[in-house]
Amino acid sequence: MRPPAHATDVPRAELARTNIIGYALAGAACLAYGASLILAKQVVEDTPPLLGAALGMTFGMLVLAILSAPDVRHDRGTRRRAWVWAALGGLAAGGGITCMFLAVSNAPVVVVAPILAMNPLTAILFSQIFIRGMERLTWRVLIGAVIIVAGVIIISLGQNT
Amino acid sequence: MTGILFALGASTIWGIGNVWIRLALRDMRPTTSAVFSLFSGLVLLIPLSFILHWDTLTAMTLGAFVAVFFYGMSNFLLGRFLNYSSISRIGLNRSVPIVSSSPVPALILAVLLLGEEINLLLILGGLTVMAGVLLIVTERR
């Protein structure tokens with residue numbers, strides 16, 4: 001017996017909608033980070049990169065905290081574990097920025113940039129080691145990620161020639 | 001060698017950091033995760049940058065602060081919030097490669113707004129990135 005239409009179609013439609021929104025959000029994040037790379041060129045003319053990142057992060061956090069105050073209030077009762085993961089994620093982001101500046105100041109950009117571009121592959125590697133149950137990885141996504149990393153490396157080489 | 005080790009460190013730390021954020025997003029909204037992760041990141045960056053660059057900070061002009069403000073809005077407010085929102089919907093493995101394609105829009109903006117020159121390698125790199133993004137986005141789930 002076939003299940004009722006709503007039992008199969010609705011979740012599939014909802015999944016498709018979630019996917020479209022998720023990809024659109026990823027694309028928008030990509031645009032925002034791309035624009036920030038252009039703005040960063042302006043920032044580093046007057047400000048040391050590490051200081052620029054710290055101040056930019058402070059401004060970003062303050063404005064986002066004001067805009068999302070209701071969400072933050074709503075999440076106050078969230079399990080402590082989630083706060084620990086978010087804090088570790090933030091420390092990792094800050095630590096990564098620090099390492100990136102130390103790398104650039106100790107080696108040529110043409111050497112450092114391709115290594116930094118590997119970041120999506122390390123994220124996928126760690127997701128498969130630690131949260132395999134939460135993250136489905138297909139060959140298509142893995143190959144897509146490898147191609148993207150290759151493209152970013154080619155761009156960084158092109159910028160330094 | 002030191003520079004390469006730091007670069008490997010950055011790539012590794014960012015990779016594991018994304019996993020931690022994915023875990024946080026199971027129970028927490030992207031906005032809250034973004035605010036709290038920015039706060040904890042600052043715990044590391046503020047002391048370090050203030051110790052190293054205090055003289056520059058106290059001598060910064062209003063124009064420099066304005067530039068840093070817009071950089072912060074683009075990277076740390078919009079970028080991080082949208083990135084976490086995307087991870088919470090399509091997962092880490094699909095979101096992170098697309099988000100890390102940011103050199104492509106940066107390249108286009110640099111050519112359009114700053115009049116920077118483009119060469120064959122940049123075009124080839126941009127097309128390669130777009131091929132990878134297409135491969136991921138067109139997957140049927």
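Sequence lines set the chain letters: A, B, ... in the order given, protein chains first and strands last, and positions in each chain run from 1.
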- prompt: Within the distance-only criterion (no hydrogens, no angle test), does the side chain of Arg79(A) pair as donor or acceptor with the backbone N or O of Asp27(B) below 3.5 angstrom?
  reply: no
query: Which residue, Thr58(A), Thr47(A), Asp46(A), forms the side-chain contact (heavy atoms from CB on, under 4.5 Å) with Val68(B)?
result: Thr47(A)
query: What option among Ile118(B), Val104(B), Leu78(B), Asn83(B) has the most heavy-atom pairs under 4.5 Å with chain A?
result: Asn83(B)
message: Would you compute the distance between atom CG of Leu77(B) and atom CG of Leu64(A) and round it to the nearest 0.5 angstrom?
response: 4.5 Å
task: Would you mind telling me which of Ala110(B), Gly79(B), Ser88(B), Gly9(B) has the largest number of heavy-atom pairs within less than 4.5 Å of chain A?
output: Gly79(B)
- request: Over all heavy atoms of both residues, which pair between Ser86(B) and Leu25(A) is shortest? Give the atoms and the distance, please.
  value: CB-CB, 3.8 Å
Candidate pair Asn19(A) and Glu139(B), rule side chain to side chain contact (heavy atoms under 4.5 Å, CB included), full reasoning: CA-CA 10 Å; Asn19(A) 278 342; Glu139(B) 185 189 41; over 6 Å; no
task: For residues Ser127(A) and Asn93(B), report the shortest heavy-atom separation together with the two atoms involved.
output: OG-OD1, 2.8 Å
query: What are the two closest non-hydrogen atoms of Val152(A) and Pro103(B), and how far apart are they?
result: CG1-CG, 3.8 Å
message: At a 4.5 Å cut-off on heavy atoms, which part of Met28(B) comes close to chain A: side chain, backbone, both, or neither?
response: both
query: Can you tell which of Val149(A), Thr138(A), Leu142(A) has the highest number of heavy-atom pairs within less than 4.5 Å of chain B?
result: Thr138(A)
Under 4.5 Å from a heavy atom of chain A, the part of Asn18(B) involved: side chain
field: Phe59(A) side chain near Phe70(B) side chain, heavy-atom distance below 4.5 Å
entry: no
- request: Report the option among Leu121(A), Val146(A), Leu67(A), Val63(A) that has the most heavy-atom pairs separated by less than 4.5 Å from atoms of chain B.
  value: Val63(A)
message: Nearest 0.5 Å, please: how far is CD1 in Ile97(A) from CZ in Phe76(B)?
response: 4.0 Å
Best-contacting candidate, Asn119(A), Leu137(A), Thr78(A), against chain B by heavy atom pairs under 4.5 angstrom: Asn119(A)
Leu135(B) reachable from Ile20(A) in the ILVMFWY side-chain graph, under 4.5 Å edges: no
- request: Could you walk me through whether Arg94(B) and Arg136(A) pass side chain to side chain contact (heavy atoms under 4.5 Å, CB included), step by step?
  value: CA-CA 9 Å; Arg94(B) 284 170 178 75; Arg136(A) 196 171 66 98; 3.4 Å; yes
- prompt: Distance from Met100(A) atom CE to Trp14(B) atom CH2, nearest 0.5 Å?
  reply: 5.0 Å
- prompt: Is the backbone N or O of Gly56(A) less than 3.5 Å from a side-chain atom of Asn75(B), with the two atoms forming a donor-acceptor pair by type?
  reply: no
message: Whether the side chain of Ser102(B) engages the backbone of Gly34(A) through a donor-acceptor N/O pair (distance < 3.5 Å, no angle test) should be reported.
response: no
query: Of the backbone (N, CA, C, O) and the side chain (C-beta and beyond), which part of Leu52(B) lies under 4.5 Å from a heavy atom of chain A, both, or neither?
result: side chain
- request: Determine yes or no for a side-chain-to-main-chain donor-acceptor pair under 3.5 angstrom, with Thr122(A) supplying the side chain and Thr12(B) the backbone.
  value: no
- prompt: With only heavy atoms counted, which part of Thr61(B) is less than 4.5 Å from chain A, the side chain, the backbone, both or neither?
  reply: neither
- line: Scanning both residues in full, the closest heavy-atom pair of Ile148(A) with Ser100(B) reads CG2-OG, 4.3 Å
query: Of the listed residues (Ala113(A), Ala107(A), Ala117(A), Ala87(A)), which shares the most heavy-atom pairs with chain B below a 4.5 Å separation?
result: Ala87(A)
task: Name the region of Val141(A), side chain, backbone, both or neither, that has any atom closer than 4.5 Å to a heavy atom of chain B.
output: both
query: Among Leu45(B), Leu109(B), Leu42(B), Thr2(B), which has the most heavy-atom pairs under 4.5 Å with chain A?
result: Leu42(B)
message: If I measure from the heavy atoms of chain B, does Ile143(A) come under 4.5 Å with its side chain, its backbone, both, or neither?
response: both
field: Top contributor to chain B contacts, counting heavy-atom pairs under 4.5 Å, from Met118(A), Gln128(A), His74(A)
entry: His74(A)
Contacting moiety of Glu116(B), where chain A heavy atoms sit under 4.5 Å: side chain
message: According to a hydrophobic-cluster definition based on side-chain heavy atoms being under 4.5 Å apart (Ile, Leu, Val, Met, Phe, Trp, Tyr only), do Ile155(A) and Leu112(B) belong together?
response: yes
- prompt: Looking at Leu114(B), Thr32(B), Thr128(B), Ile123(B), which one has more heavy-atom pairs under 4.5 Å with chain A than the rest?
  reply: Thr32(B)
query: Would you say the side-chain atoms of Ser36(A) pair up with the backbone N or O of Ser74(B), donor to acceptor, closer than 3.5 Å?
result: no
- request: Determine the option with the most heavy-atom pairs under 4.5 angstrom with chain B, choosing from Gly95(A), Ala150(A), Gly90(A), Ala35(A).
  value: Gly90(A)
Side chain to side chain contact (heavy atoms under 4.5 Å, CB included) between Phe6(B) and Val112(A), worked out: CA-CA 9 Å; Phe6(B) 276 123; Val112(A) 170; over 6 Å; no
When Gly15(B), Gly72(B), Ser95(B) are compared by non-hydrogen pairs under 4.5 Å with chain A, the top option: Gly15(B)
Closest-packed option against chain A by number of heavy-atom pairs under 4.5 Å, given Ser85(B), Ser49(B), Ala34(B): Ser49(B)
- request: Please answer whether the main-chain N or O of Arg29(B) pairs with a side-chain N or O of Asp75(A) as donor and acceptor at a distance below 3.5 Å.
  value: yes
- prompt: Is chain B contacted by the side chain of Arg81(A), its backbone, both, or neither, given a heavy-atom distance below 4.5 Å?
  reply: side chain
task: Against chain B, label Leu51(A) side chain, backbone, both or neither, depending on which of its atoms sit under 4.5 Å from a heavy atom there.
output: both
- prompt: Rounded to the nearest 0.5 Å, how far does CD1 of Ile147(A) lie from CE of Met130(B)?
  reply: 13.5 Å
Residue Arg80(B) versus chain A: region with a heavy atom under 4.5 Å: both
message: Looking at Arg140(A), I want to see if its CZ is surrounded by more than 12 non-hydrogen atoms of other residues, nucleotides or ligands under 6.0 Å.
response: yes
- request: List, by chain and then residue number, the residues other than Leu125(A) in its hydrophobic cluster (Ile/Leu/Val/Met/Phe/Trp/Tyr, side-chain heavy atoms under 4.5 Å); write none if there are no others.
  value: Val84(A), Trp85(A), Leu88(A), Phe126(A), Ile129(A), Phe130(A), Ile131(A), Met134(A), Ile16(B), Val19(B), Trp20(B), Ile21(B), Leu23(B), Leu25(B), Tyr84(B), Ile87(B), Leu92(B), Val96(B)
message: Is there a path of hydrophobic side-chain contacts, each under 4.5 Å between heavy atoms of I/L/V/M/F/W/Y residues, joining Leu57(B) to Val66(B)?
response: yes
message: For Val99(B) versus Ala26(A), what's the shortest heavy-atom pair and its separation?
response: CG2-O, 3.8 Å
- request: Below 4.5 Å from any heavy atom of chain B, which atoms of Glu45(A) appear? Answer side chain, backbone, both or neither.
  value: neither
- request: Taking atom CE of Met73(B) as the centre, report whether more than 12 heavy atoms of other residues, nucleotides or ligands fall under 6.0 Å from it.
  value: yes
query: Looking only at heavy atoms, which two atoms of Pro105(B) and Leu31(A) are closest? And how far apart?
result: CB-CD2, 3.7 Å
- line: Honestly, the part of Thr18(A) sitting under 4.5 Å from a heavy atom of chain B is both
task: Please test Thr31(B) against Val72(A) for side chain to side chain contact (heavy atoms under 4.5 Å, CB included), starting from the C-alpha separation and ending with a verdict.
output: CA-CA 7 Å; Thr31(B) 42; Val72(A) 177; 5.7 Å; no
- prompt: Are Leu62(A) and Tyr71(B) connected, step by step, through hydrophobic side chains (Ile, Leu, Val, Met, Phe, Trp, Tyr) whose heavy atoms are closer than 4.5 Å?
  reply: yes
